[in-house]
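Presented below is the structure to which this report refers.
Within every chain, numbering begins at 1; the chains are lettered A, B, ... in the order of the sequence lines, protein sequences first and strands thereafter.
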Number of protein chains: 2
Amino acid sequence: MDKPKGVAFLLSQLGAYGAQRFAERLRPLDIEPRHVGLLRMISANEGASQQELGERMGVVPSRMVSFVDDLEDRGLVERARNPKDRRAYALHLTEKGVKMLRQAMLISVEHNEELCAPLSQDERDVLAQLLDRLAGAHNLVPGVHPGYRHLR
Amino acid sequence: MDKPKGVAFLLSQLGAYGAQRFAERLRPLDIEPRHVGLLRMISANEGASQQELGERMGVVPSRMVSFVDDLEDRGLVERARNPKDRRAYALHLTEKGVKMLRQAMLISVEHNEELCAPLSQDERDVLAQLLDRLAGAHNLVPGVHPGYRHLR
DNA sequence: TATTGTTATACTCTATAACTATA
DNA sequence: TATAGTTATAGAGTATAACAATA
């Protein structure tokens, strides 16, 4: 009766659904998907300042404050003063933060497993490769979610 | 250095990116992606009440009010009193609404074209089929976006 | 009493701009 | 003067609950 839905809608629908499911899985850890992204970012850029990270993620400075607060309140990151420039912080994961990131990555693997369960291994590989090519062709930065972004 | 990103992240990233692009394309029409979904819903269920539609889309009644207001303000839908039950409305598209939906569908086609441009026709077919299977296996309702939903 | 739609309210999220402390 | 981070503020979005009209 109705035209088949396009790829764009399916991507948005599945993407939003997956994000919700991932959030549910993270709930016991008391963090959200975006916090995992930030933990990853800090881990991959130890010692970077808040605003350096914010720029990479497309997050405005004022938002970075509460974003980092969330993790600091949970004892997952520490703000160390940068001795070279005492205006800036040098962010780094605590031991607890490293463990949390590790747990979140495990949950992420489980989550991917669940999401792809309906597909064979070959099909998953094909899907991953197609999605990866699309993301690359549209200049999406690995690990940086558009939902973080303040576009301007 | 880092593990390859999973399918789940790519889906979420591409889905959010695509939704943003689609919103940009719709801007000249002065509507948003969700309004297209609602127009489609009304079109496919002429005469249904606000709350009937809301239930199908997972939108709470109070939110449906302003949602339908958006379209009524633009002259795209009309609230007709249902003579059988004067508490309820019978929603239907105006002529302008029908045209608007048609235009939005054209834009949607262009949008899909742009998003899939990096892939060959065969690859698009494979991708569409894989995504469709995933959506079906996870019980996602065609045309109903999780972002509409109030999950309880 | 129950139901449809509406309004009131409160809460969350976020961007802008003003501010502070350093540089 | 300029920059890193913070705070103040205002606007948007949305859910809950109270409400009016009708059943």
Side-chain angles (χ1 to χ4, degrees), chain A residues 16 19-20 23 27 30-35 37-38 41-42 45-73 77-92 144-152, chain B residues 16 19-20 23 26-27 30-38 41-42 45-73 77-92 144-152:
Chain A
Q20 274 179 2
R27 202 121 54 207
D30 190 34
I31 56 170
E32 296 171 26
R34 56 184 177 176
H35 295 128
L38 181 51
M41 206 57 131
I42 294 173
N45 302 277
E46 284 272 334
S49 73
Q50 265 183 213
Q51 296 195 17
E52 278 166 14
L53 294 181
E55 204 162 332
R56 291 201 195 199
M57 302 173 75
V59 176
V60 296
S62 70
R63 221 187 137 194
M64 280 300 287
V65 175
S66 57
F67 205 1
V68 173
D69 279 351
D70 291 342
L71 298 184
E72 197 182 36
D73 291 347
V77 311
E78 273 170 3
R79 288 169 154 116
R81 277 291 169 196
N82 182 338
K84 307 274 188 182
D85 181 345
R86 298 210 330 271
R87 291 172 304 181
Y89 289 132
L91 299 179
H92 66 94
V144 175
H145 197 286
Y148 295 151
R149 281 241 183 72
H150 168 52
L151 306 168
R152 168 137 322 259
Chain B
Q20 273 180 3
L26 288 174
R27 204 121 53 207
D30 190 34
I31 57 171
E32 295 172 26
R34 57 184 175 175
H35 295 126
V36 178
L38 181 51
M41 207 55 133
I42 295 173
N45 301 276
E46 283 272 335
S49 74
Q50 263 182 213
Q51 296 196 17
E52 278 167 14
L53 294 182
E55 204 161 332
R56 293 200 194 200
M57 302 173 73
V59 175
V60 295
S62 69
R63 219 186 137 196
M64 280 301 286
V65 176
S66 56
F67 205 2
V68 173
D69 279 351
D70 291 342
L71 299 185
E72 198 183 34
D73 291 347
V77 311
E78 273 170 3
R79 288 169 154 116
R81 277 290 169 198
N82 182 340
K84 308 275 190 183
D85 181 346
R86 299 212 327 271
R87 291 172 305 183
Y89 288 132
L91 298 179
H92 65 93
V144 175
H145 197 285
Y148 295 151
R149 280 242 184 71
H150 168 52
L151 306 167
R152 128 158 15 183

Problem - Partner residues of A:Phe67 under the ring-ring contact (aromatic ring centres under 6.0 Å, His included) criterion, sequence neighbours left out - result: A:His35
Exercise for the section: Look at all strands and tell whether A:Asp85 reaches a base, only sugar-phosphate, or nothing, counting heavy atoms closer than 4.0 Å. Expected result: sugar-phosphate
Problem - pair B:Ile42-B:Leu71: side-chain heavy atoms closer than 4.5 Å - result: yes
Pairs under 3.5 angstrom, nitrogen or oxygen only, protein versus nucleotides 5-7 of chain D, please.
{"from": "D:dG5", "atom 1": "OP1", "to": "A:Gln50", "atom 2": "N", "distance (Å)": "3.2"}
{"from": "D:dG5", "atom 1": "OP1", "to": "A:Tyr89", "atom 2": "N", "distance (Å)": "3.0"}
{"from": "D:dG5", "atom 1": "OP2", "to": "A:Gln51", "atom 2": "N", "distance (Å)": "2.8"}
{"from": "D:dG5", "atom 1": "N7", "to": "A:Gln51", "atom 2": "NE2", "distance (Å)": "3.1"}
{"from": "D:dT6", "atom 1": "OP1", "to": "A:Tyr89", "atom 2": "OH", "distance (Å)": "3.3"}
{"from": "D:dT6", "atom 1": "OP2", "to": "A:Gln50", "atom 2": "OE1", "distance (Å)": "3.1"}
{"from": "D:dT6", "atom 1": "OP2", "to": "A:Gln50", "atom 2": "NE2", "distance (Å)": "3.1"}
{"from": "D:dT6", "atom 1": "OP2", "to": "A:Arg79", "atom 2": "NH2", "distance (Å)": "3.3"}

Problem - Phosphate-side-chain proximity, A:Arg86 and D:dA4, N/O vs OP1/OP2 below 4.0 Å - result: no
Practice task
For A:Lys84 and for A:Ser66, locate the closest nucleotide of DNA chain C by heavy-atom distance; then report the residue assigned to the nucleotide nearer the 5' terminus.
Solution key: A:Ser66
Fill in the blank from the handout: Ranking D:dT16, D:dT14, C:dA23 by distance to the side chain of B:Val60, first place goes to D:dT16
Practice task
Please examine the side chains of B:Arg56 and B:Val144, heavy atoms only from C-beta on, and report whether any two atoms are closer than 4.5 Å.
Solution key: no
Exercise for the section: Measure the distance from CZ on A:Phe67 to P on C:dT14 and round it to the nearest whole Å. Expected result: 9 Å
Practice task
Measure from CD on A:Glu32 to C1' on C:dC13 and round the result to the nearest Å.
Solution key: 11 Å
Practice task
Report yes if some heavy atom in the side chain of A:Leu91 is under 4.5 Å from a heavy atom in the side chain of A:Glu52; otherwise report no.
Solution key: no
Handout entry: Heavy-atom side-chain contact between B:Arg79 and B:Val68 under 4.5 Å
Key = yes
Practice task
Looking only at non-hydrogen atoms, find the nearest pair between B:Arg86 and B:Arg81 and report the distance.
Solution key: O-NH1, 2.9 Å
Exercise for the section: Check the distance between C:dT12's P and A:Asp70's CG and give it to me in whole angstrom. Expected result: 13 Å
